[in-house]
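In what follows, a structure is listed as structure tokens, so that the remarks can point back to it.
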2 protein chains.
Amino acid sequence: MPRWESDAQGRLERAALDLFETHGFDRTSVAQIADAAGLKERSFYRYFPDKREVLFAGGEIEAHLVEQVEAADPGLAPIDVLLCALGSAEGLLRPRGYLRRRGRVIAANPALAERDLIKLADIAEALAPALERRGVDPGTARFLVDVVLAIHRRAVSRWLAEENATLAELMAEATAELRAAMAAPPRTSPGPAEDGGPGSS
Amino acid sequence: MPRWESDAQGRLERAALDLFETHGFDRTSVAQIADAAGLKERSFYRYFPDKREVLFAGGEIEAHLVEQVEAADPGLAPIDVLLCALGSAEGLLRPRGYLRRRGRVIAANPALAERDLIKLADIAEALAPALERRGVDPGTARFLVDVVLAIHRRAVSRWLAEENATLAELMAEATAELRAAMAAPPRTSPGPAEDGGPGSS
């Protein structure tokens with residue numbers, strides 16, 4: 001059984017999600033979460049600083065991403081370094097079923113949605129300096145991180161919906177989608193010029 | 001004199017920024033801001049719901065962007081619709097000097113930095129449906145919005161540093177930068193193969 005399935009932290013995360021879904025985030029207490037997980041309330045605080053944080057476990061993902069960026073082949077282009085790092089983190093993600101339910105609970109609670117934004121910004125702020133340490137200038141580093149996080153967001157939303165594709169495959173697909181959107185030449189005026197052509201206006 | 005320079009809202013924004021810089025965000029009250037702007041405290045609340053919000057005026061920018069997306073030439077590619085809309089909003093921005101100081105105050109205050117993230121997410125959530133109304137599917141719409149907001153962020157940081165370029169020019173420059181980063185063919189192993197070439201590993 002994978003570690004997350006059996007350990008206290010995983011039990012707390014699943015119990016919290018069950019309670020948030022059933023009673024709502026605001027009407028669920030840390031004591032209830034601990035109780036439902038078969039633990040004492042003080043054990044909760046060994047794993048999470050507060051009730052919100054129980055849905056945002058995964059500090060190990062940020063550390064993993066930074067490590068991947070630092071360890072990447074020096075010949076790899078900066079954008080590919082980021083794409084590889086983010087595509088490689090699939091094994092650290094919680095199961096799809098849990099993440100789908102978690103996404104719905106977060107979307108329904110402004111306080112949780114805010115926390116989600118902050119977590120994403122934290123990841124961007126950790127990844128950009130890791131790229132700078134490879135010689136990328138700060139402005140470009142942050143720009144590429146923002147773009148690759150957009151690609152990642154697109155890929156994750158498909159990964160949650162499809163059971164048979166890896167995150168790395170879906171990131172490659174989203175990258176190709178973006179490349180196509182950006183490569184399209186400017187279109188000329190659509191259809192026949194009914195007003196007498198471009199010169200007439 | 002442009003409207004923002006003379007009106008009550010502008011006076012409140014500038015007074016708040018002065019006080020936040022001098023005394024800190026936490027140690028500045030709404031009464032002090034109103035007083036410094038030569039207004040009564042209750043006038044403050046005609047313009048802003050709270051003290052944080054005084055740095056995030058500009059709901060008119062979101063409405064402008066949505067309008068631009070809806071009114072764009074039907075023949076324009078979705079990504080170009082977004083690039084044009086965001087590049088066209090320069091006239092609605094506060095002066096560079098104000099925005100540079102504002103950026104420093106926001107970066108120094110977690111509560112303001114959070115509000116900044118939420119405002120950006122609100123803009124993304126307003127722009128994506130506007131693109132959907134042009135026939136773009138929801139997943140692609142949100143993806144393109146996220147990418148164009150990354151381009152915009154890159155362009156704005158340069159726009160704040162340079163006095164002689166328009167936002168639209170800097171967005172075109174950032175778009176070209178991204179296109180180049182994405183078009184680069186995968187590099188092969190750097191330098192001579194000291195280990196006997198790719199087949200030996």
Side-chain angles (χ1 to χ4, degrees), chain A residues 73-84 107 110-111 113-122 124-125 136-158 161 173-191, chain B residues 73-84 107 110-111 113-122 124-125 136-158 161 173-191:
Chain A
D73 181 334
L76 211 57
I79 195 164
D80 293 322
V81 168
L82 293 172
L83 289 167
C84 287
E114 281 180 31
R115 189 83 203 112
D116 204 27
L117 291 173
I118 294 162
K119 283 280 172 177
L120 197 67
D122 286 347
E125 273 157 33
V136 180
D137 83 83
T140 303
R142 180 54 198 242
F143 182 30
L144 294 178
V145 166
D146 286 346
V147 169
V148 171
L149 286 177
I151 291 171
H152 185 250
R153 181 195 172 101
R154 172 70 160 147
V156 166
S157 83
R158 282 194 172 140
E173 194 177 300
T175 305
E177 185 183 357
L178 178 57
R179 191 174 283 125
M182 297 200 63
R187 287 193 233 171
T188 51
S189 180
Chain B
D73 181 334
L76 210 57
I79 195 164
D80 294 322
V81 168
L82 293 172
L83 288 167
C84 287
E114 282 180 29
R115 189 82 203 113
D116 204 30
L117 291 174
I118 294 163
K119 283 280 173 177
L120 196 68
D122 286 347
E125 273 158 33
V136 180
D137 83 83
T140 302
R142 179 56 198 241
F143 182 29
L144 294 178
V145 166
D146 286 345
V147 169
V148 172
L149 287 177
I151 291 171
H152 185 250
R153 179 195 175 102
R154 172 71 161 149
V156 166
S157 84
R158 282 194 173 141
E173 195 177 300
T175 305
E177 185 184 357
L178 179 57
R179 193 175 281 122
M182 297 200 62
R187 288 195 232 169
T188 51
S189 180

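Numbered from 1 within each chain, the chains take letters A, B, ... in sequence-line order.
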Sequence neighbours excluded, which residues qualify as salt bridge (charged side-chain N to carboxylate O under 4.0 Å, His left out) partners of B/Glu114? none

Among all residues two or more places apart in sequence or in another chain, which pass the salt bridge (charged side-chain N to carboxylate O under 4.0 Å, His left out) test with B/Arg153? A/Asp146

Most chain A-contacting option - heavy-atom pairs closer than 4.5 Å, from B/Leu149, B/Leu178, B/Val147: B/Leu178

Side chain, backbone, both or neither: which part of [X] has an atom under 4.5 Å from a heavy atom of chain A?
X: B/Arg142; value: side chain
X: B/Leu144; value: side chain
X: B/Ile79; value: side chain
X: B/Ala113; value: neither

Flag, side chain of B/Arg179 to backbone of A/Ala183, donor-acceptor distance under 3.5 Å: no

Nearest 0.5 Å please: distance from the CZ atom of B/Arg158 over to the CZ atom of A/Phe143. 8.5 Å

Note: A/Arg154-A/Glu173 ion pair, threshold 4.0 Å (strictly below): no

Which bit of A/Leu83 comes within less than 4.5 Å of chain B, counting heavy atoms only: side chain, backbone, both or neither? neither

